[in-house]
Amino acid sequence: MENKNQSMVTEFLFSVFPRFQEGGILFFIPLLLIYLFIVIGNLMIFIAIRLDARLHNPMYNFISIFSFLEIWYTTATIPKMLSNLVSDQKTISLTGCLLQMYFFHSLGNTEGILLMTMAIDRYIAICNPLRYPTIMTPRLCAQLNIGSCVFGFLILLPEIAWISTLPFCGSNQIHQIFCDFAPVLSLACKDTSMLLVQDIIHAIAILITVLIIALSYIRIITVILRIPSTEGRQKAFSTCASHLAVFLLFFGSVGLMYLRFSATYPPIWDTTFAVMFAVLAPFFNPIIYSLRNKDMKKAIKKLLCPKIFTVSGY
């Protein structure tokens, strides 16, 4: 009978949101505006790159895929957050929780792999410019994009499948603003210590990815500093500055969330880091890619005001 009662927990309660019960609408409006900005901004970047023939090169191809992924990455969590802020029912089903974890982390893994690919792309373009056209062919770019998505979505399937078999008992309160591995696994009746090995593997994968990207940019900066002309250095650095900014923002928030190891944070800091990771980092990405890039700004203006650019002959 005890096992039967333990397996009866089929939905979870987000314990963070009842604290915002009275002022939920005050948080709902800015979060909704941020979400709309993320979706519209990244959609504009994706469409502008696809429609502008001048941006049909590997660098912008990777940016367009990254922007497309960002739309779904935020859609995996923010709509549920918005619902929890204004509804009385701040719950999620076990199936919904598993799906949210799977898509959120699969899309995040894919973005991390894509950022590494973008760093290597910039490394080849700046450090081996003569070989760049023969190395970064359209076929290779397509393979890298597909490979990033396939690997990002397959790597988590065994873990999610195993979690789906766990019985949950006692408290059903998730102490976080979205379903995440640690808060959910803490509610399981079964021993989940075997997942520690997989957590270590995830941490090592994150550190290796960060190391590869960091070494690529260190080498890029070294090469740029050797360029004799100031104009040449500025032009070379501008092509990778936005990538570097997104890398620092993305992996900085990843590190705060998932590389804490045995360290524990107060609940307010856990929530703050989750907001940085799931909301604020995606919010700044379209700003970085659009405002720091002249070609991107022209492409977006052309998308929004096509008649003006047709008359001007752009």
Side-chain angles (χ1 to χ4, degrees), residues 11-20 24-43 66-87 89-115 149 152-153 155-157 159-160 163-164 172-187 202 206 246 249-258 260 265 267-286:
E11 67 176 16
F12 301 106
L13 171 69
F14 292 102
S15 62
V16 175
F17 288 98
R19 303 174 190 173
F20 305 104
I25 193 66
L26 297 178
F27 295 94
F28 176 88
I29 294 174
L31 182 58
L32 176 62
L33 293 176
I34 289 173
Y35 176 62
L36 291 175
F37 175 81
I38 292 172
V39 172
I40 295 173
N42 282 294
L43 189 61
F66 186 85
S67 296
F68 182 75
L69 291 172
E70 281 282 84
I71 296 173
W72 299 108
Y73 174 75
T74 52
T75 300
T77 57
I78 295 183
K80 185 60 180 176
M81 294 182 202
L82 291 169
S83 173
N84 288 333
L85 284 171
V86 295
S87 66
Q89 297 294 327
K90 307 183 188 301
T91 59
I92 187 171
S93 66
L94 173 60
T95 302
C97 191
L98 292 173
L99 288 174
Q100 187 179 72
M101 283 194 297
Y102 174 69
F103 284 107
F104 180 72
H105 286 285
S106 293
L107 289 162
N109 286 341
T110 303
E111 288 185 1
I113 299 169
L114 197 59
L115 285 173
C149 293
F153 277 84
I155 192 67
L156 283 177
L157 274 179
E159 189 169 357
I160 293 295
I163 294 174
S164 68
N172 68 337
Q173 296 188 11
I174 296 178
H175 302 289
Q176 192 50 278
I177 58 175
F178 59 87
C179 287
D180 207 357
F181 289 116
V184 171
L185 289 175
S186 66
L187 305 178
H202 290 169
I206 292 172
V246 171
L249 193 61
F250 181 85
F251 283 101
S253 58
V254 167
L256 290 173
M257 281 288 291
Y258 301 110
R260 64 181 71 181
Y265 301 138
I268 185 64
W269 283 110
D270 264 333
T271 303
T272 301
F273 293 147
V275 170
M276 288 177 55
F277 181 55
V279 179
L280 295 184
F283 171 75
F284 286 108
N285 288 341

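The residues of the chain are indexed from 1 along the displayed sequence.
Taking the six-membered ring for Trp and thresholds of 30 and 60 degrees, Y73 and F250 have ring planes inclined between 30 and 60 degrees apart. In this structure, F277 and Y258 have perpendicular ring planes: the angle between them is above 60°, well past the 30° mark.
Note that the CG atom of L82 and the CD1 atom of I34 stand 10.0 Å from one another [nearest 0.5 Å]. In this structure, the separation between CD on E111 and CZ on F251 is 9.5 Å, given to the nearest 0.5 Å. Note that OG1 of T77 and CZ of F104 are 5.0 Å apart. Values are rounded to the nearest 0.5 Å. With rounding to the nearest 0.5 angstrom, the CE atom of M81 is 8.5 Å from the CZ atom of F14. Note that the OG atom of S164 and the CD atom of E159 stand 11.5 Å from one another [nearest 0.5 Å]. Here the CG-CG distance, from L114 to L107, works out to 11.5 Å after rounding to the nearest 0.5 Å.
Judged purely by atom type and a 3.5 angstrom limit, Y35 has no side-chain atom pairing as donor or acceptor with the backbone of T75. K90 places a side-chain N or O within 3.5 Å of a backbone atom of N84 that can act as its donor or acceptor partner. A donor-acceptor pair under 3.5 Å is formed between the side chain of T110 and the backbone N or O of S106.
Between F178 and I78 the shortest side-chain heavy-atom distance does not fall below 4.5 Å. Annotation: side chain of D270 is not in contact with side chain of H175 (no heavy-atom distance under 4.5 Å). Annotation: side chain of H105 is not in contact with side chain of I160 (no heavy-atom distance under 4.5 Å).
Between N285 and F66, the shortest heavy-atom distance links the atoms ND2-CE2, 3.7 Å. Here the closest non-hydrogen pair linking T271 and Q176 is CA-OE1, 4.0 Å. Contact record, T91 with K80: O-NZ, 2.8 Å, taken as the closest heavy-atom pair. The two residues V279 and P282 make their nearest non-hydrogen contact at O-CD, 3.3 Å. Annotation for A278 and T74: closest pair O-CG2, 4.0 Å, computed over non-hydrogen atoms. Closest of all the heavy-atom pairs between P286 and G41 is CB-C, 4.2 Å.
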Next on the checklist: Please determine whether side-chain contact (heavy atoms from CB on, under 4.5 Å) holds for the pair I163 and F181, giving the CA-CA distance in whole Å, both sets of side-chain angles, and the decisive distance to 0.1 Å.
Outcome noted: CA-CA 9 Å; I163 294 174; F181 289 116; 3.6 Å; yes
Item to check | Candidate pair F68 and L43, rule side-chain contact (heavy atoms from CB on, under 4.5 Å), full reasoning | outcome: CA-CA 7 Å; F68 182 75; L43 189 61; 5.9 Å; no
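E70 and N42 are not linked by any side-chain donor-acceptor pair at a separation below 3.5 angstrom, with hydrogens and angles left out of the test.
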Name each donor-acceptor pair under 3.5 Å that joins a side chain in residues 93-100 to protein atoms two or more places apart or in another chain, with its distance.
residue	atom	partner	partner atom	Å
S93	OG	G96	N	3.0
Q100	OE1	C179	N	2.8
Q100	NE2	A76	O	3.2

